[in-house]
Amino acid sequence: MPAKSLEQVVNLCKTRGFVFPGSAAYGGVASFWDYGPLGVEMLNHVKRIWWQESVYARDDMEGLDAAILMSRKVWQHSGHEATFTDPLVDNRETKRRYRLDHLLKRQSAEVLEAICDILKPAPTFTAPSRQATISPDPEALASALIYHYREVQTHFSASTDQMKSENAAILMDVFGLTEDEVRRASADSPVPRADSKMFEPEQRDPLTAAAVLDPADGKPGKWTAPRQFNLMFVTHVGPVEAAPNTPEEIAARAYLRPETAQGIFLNFKNVQRSMARKVPFGIAQMGKAFRNEITPGNFIFRTREFEQMEIEFFIKPPQFTGEGEKTDEQWHEEWIDQRYRWWLRYATPPTAGNVEMEEIEERFRKRAQAADELAHYAKATTDIEYKFPGSLSWGEIEGVANRTDFDLTAHSGDVPEEDLKRLKLEPNKDSNQTFDYFDPDAKQRYVPWVIEPSAGVTRAMLTFLCEAYDEEVVKEPTKQEIDQIKSDAAMIKNNAEKKIKAAEKDAAAGKETKHDPVQVRAFLDQLEDVVNRLPESLDEVLLTLDHPGAENLEPVKKFRVPTEKFMEEVSRTVLRLHPALAPIKLAVFPLKKNKPEIVEMAKGIKRMFQKHFRTVYDDSAGIGRLYRRQDEIGTPYCITVDFESLEDRTVTVRERDTMEQERVAIDDLKDYLFTRLDI
RNA sequence: GCGGGUGUAGCUCAGUGGUAGAGCAUCACGUUGCCAACGUGAUGGUCGUGGGUUCGAGUCCCAUCACCCGCUCCA
């Protein structure tokens, strides 16, 4: 059974040294996490099994590690600078937030025309070239609106004016520019400053004036101005600090890469030539990537700093594929399948039976993205998703995209007109290379197409942790103990019923209520369901107490402590990780720590293995507790040295999932463990 | 950014204006012949931060910071 709530996994991670909140001493920074001693082991294992399968096990792959910082031009031509920004608007009435272009797509033609009518006479669009940009096409209209609102804000916002004059002062003082040069440098304000009558009232807020409807309630919203969210982290190359938006600052600007893929595209020819590769072949890369996510969260599921494992697999374009050769669509399918099997293989411990394997498979699925979900570069994308516990539920863990020849063409300097048109690209005047390939077999020159399987390392770790987490009942609870829980639950119910009545009475009298009757009722229903299914549902009892409706109920508080203690007695927490993923592979214990010969022998066995994989020695508790501790962090094997060991040089090897023990000679240990750990 | 919630020991939390607590964890000593045993003791806190009310504030008031959940998304 996998984790029932994300909370369980988060707690385990924090207490057992997998993941710690970042910068905790200073109150923490949302979305940044530090990986502890066990976390770093596991991340390394995830990366290792991926690299082994993606690079070593194949004949058609090479590796790469490109720089995190690249020329800003890379991101201009890849489309990220223009597309990796989301203009968002809020409805002050419904408190809903939308992406502007998505919102416009859901408006009627009349509304879109109304917006155009408002924009056309506005001073923002008086220039003929600007006038042409106004059209009822949602995407074009979105960018026109963003530009328009920014101009409006520039003219009415005091703080913006102030910032502008400060910037101007710095430019003049420090860089010695004239007033005229400052005006030209400041590309953000092509419209001269005017008095407040410059914009008609409806021109100040076209979205609200044109009665743009909120899809949530179908009524016209009270909209905020669209704000641009650039999802890329900006930094500067060079130690000189320049004032914002000055030419010096803009020239030094760089982005932390939002994906590792572009580094591969730029090195396509380097790798192909130096390794004498023929298409089809692929390049794999792992590394950190950074995205200023608007909403990070769900623990390490979506973070602003994360690590990717990406493959760009270069294939023949469809128009050149001959008889019997795989098409782009077939290659796409093959990679989806390949990657899906990888996820399943490492989510399944070797001890799993057929029933377990089927259950695991049900929590992984492939999902083809709909046309309107696709990224700007993709022809088709299929996501591999995992059913995470709790509200997170189905979440993407890998995307396998058909990126066509978009990226390689976008970075090429010399591209035929028809290809630019087909890919909706502008000619690239910055690049001095053409990323094409001469196919010696077909005797043709072409820009390869690309299939991209792209997964997150940290997200993979979360996936495997959630899937491996189990709270197993190991000691059959007595009927008496079950009855105790039942009677406690009955008491909670009694008390809660009273609180519900009181709350309803207060609510009727217009008074503030301490309890939300609906929530409390929902909690009671859940509790009843769990109690009815006892003892099978034993592991759900404590989780139920976290229900929002259980808050502020006295009997619940009293119930929690003894129940927690009871649960600790009858159950064990075990991470059923695939051995390849387990942070610690082996733990060695002495049965008696005050018998020096036993201790010495145990430490000797630890030394035998520690250079091969992470091995620990522990004698700080009774043998039962030592086993449980290792179960909790997924250590697949424990070795115990006892009195018999001193006589015949055999030890007890205990397996994590089955808790079965086997007597193994010390001399056979290496064989025994290496085969089972697949090392 | 908006709405809601939470900040007390390493963790989970109790503390309803009057001496800062419990369980777990950690450490030491003793005991312990294979699945979260026991005994004794110890370590650990400017109660998120700043201000106010009060004889007295963890508790009431104001401000502020941080984190969590929801909204946009996606590896």
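Every chain is numbered from 1 and lettered A, B, ... according to where its sequence line falls, protein lines coming before strand lines. In this text, all values refer to a predicted model and were calculated from it rather than measured experimentally.
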Distance between the C1' atoms of B:rA28 and B:rU19, in whole angstroms? 29 Å
Within 45° of the six-membered ring axis of A:Tyr617 and under 6.0 Å from that ring's centre, is NZ or CZ of A:Lys606 located there? no
Rounded to whole Å, please give me the gap between CG in A:Asp383 and P in B:rC73. 14 Å
Mate of B:rG33 where both pairing distances stay under 3.5 Å, Watson-Crick or G-U: none
Quick one: list whatever passes side chain to side chain contact (heavy atoms under 4.5 Å, CB included) with A:Glu597, sequence neighbours left out. A:Lys595, A:Leu646
Base, sugar-phosphate or nothing for A:Glu396? Non-hydrogen atoms, less than 4.0 Å. base
So which nucleotide from B:rC68, B:rC73, B:rU12 ends up closest to the side chain of A:Trp33? B:rC68
When rounded to the nearest Å, what value does the distance between C1' atoms of B:rC69 and B:rU31 take? 48 Å
Rounded distance in Å - CG (A:Leu462) to C1' (B:rC74): 14 Å
Nearest-Å distance once atom P is located in both B:rU16 and B:rG70: 32 Å
Partner lookup for B:rC71, please. Criteria are Watson-Crick or G-U wobble with both distances under 3.5 angstrom; report none if nothing qualifies. B:rG1
Using heavy-atom distances to pick each residue's nearest nucleotide on RNA chain B, tell me which of A:Glu7 and A:Thr573 is more 5'. A:Glu7
How many whole angstroms separate atom CZ of A:Phe388 from atom C1' of B:rC74? 11 Å
What does nucleotides 25-35 of chain B look like as a protein-contact string, B for base, S for sugar-phosphate only, - for none, at under 4.0 angstrom between heavy atoms? SS-----BBBB
Answer with base, sugar-phosphate or nothing: what part of the nucleic acid does A:Thr303 contact at a heavy-atom distance below 4.0 Å? base
Please give, in whole Å, the distance from B:rU72 C1' to A:Arg291 CZ? 15 Å
Among pairs that include at least one residue of residues 617-626 of chain A, which meet salt bridge (charged side-chain N to carboxylate O under 4.0 Å, His left out), considering only residues two or more places apart or in two chains? A:Asp618-A:Arg629
Using the C1' atom as the reference point in each nucleotide, state the distance between B:rG7 and B:rC13 in Å, no decimals. 13 Å
Are side-chain N/O atoms of A:Tyr627 and A:Thr640 paired as donor and acceptor at under 3.5 Å? yes
Between B:rG18 and B:rG5, how many Å separate the two C1' atoms, rounded to a whole number? 30 Å
For A:Glu310 and A:Ser454, which I'm curious about, is there any donor-acceptor pair between the side chains at under 3.5 Å? yes
If you check the A:Asn11 side chain, which of B:rC73, B:rA36, B:rU12 turns out closest? B:rU12
Only pairs at least two apart or in different chains count here, so list each salt bridge (charged side-chain N to carboxylate O under 4.0 Å, His left out) that has a residue in residues 16-27 of chain A. A:Arg16-A:Glu632
Just name whichever nucleotide pairs with B:rC27, Watson-Crick or G-U, keeping both distances under 3.5 Å, else none. B:rG41
Pairs: protein N or O with nucleotides 41-45 of chain B N or O, under 3.5 Å:
none

Nearest-Å distance, NZ (A:Lys14) to P (B:rC11)? 9 Å
Check the side chains of A:Arg304 and A:Ser31 for a donor-acceptor pair under 3.5 angstrom, ignoring hydrogens and angles. no
For a quick check of understanding: with a heavy-atom distance under 4.0 Å over all strands, which category does A:Asp101 fall into, base, sugar-phosphate or nothing? nothing
Counting only heavy atoms not in A:Arg106, do more than 12 fall under 6.0 Å of its CZ? no
Just by distance, no angles: are the side chains of A:Thr652 and A:Arg663 close enough, under 3.5 Å, to form a donor-acceptor pair? yes
Who pairs with B:rA20 - Watson-Crick or G-U, where each distance is under 3.5 Å: none
Now, which nucleotide makes the Watson-Crick or G-U wobble pair with B:rU59, with each of the two distances under 3.5 Å? none
Can you tell me how far C1' in B:rG45 sits from the matching atom in B:rG10, rounded to whole Å? 12 Å
Whole angstrom is fine here: how far is it from CG in A:Asp214 over to P in B:rU72? 12 Å
Inter-nucleotide C1' distance (B:rA9, B:rG4), Å rounded: 29 Å
Write down the distance separating the P atoms in B:rU53 and B:rU40, rounded off to the nearest Å. 48 Å
Watson-Crick/G-U partner (both atom distances under 3.5 Å) of B:rU6: B:rA66
Hey, is A:Asp205 close enough to A:Lys222 for a salt bridge, meaning N to O under 4.0 Å? no
Figure out the CG/P separation between A:Leu43 and B:rA75, and round it to whole Å. 19 Å
Sequence neighbours excluded, which residues qualify as ring-ring contact (aromatic ring centres under 6.0 Å, His included) partners of A:Tyr386? A:Phe364, A:Phe388
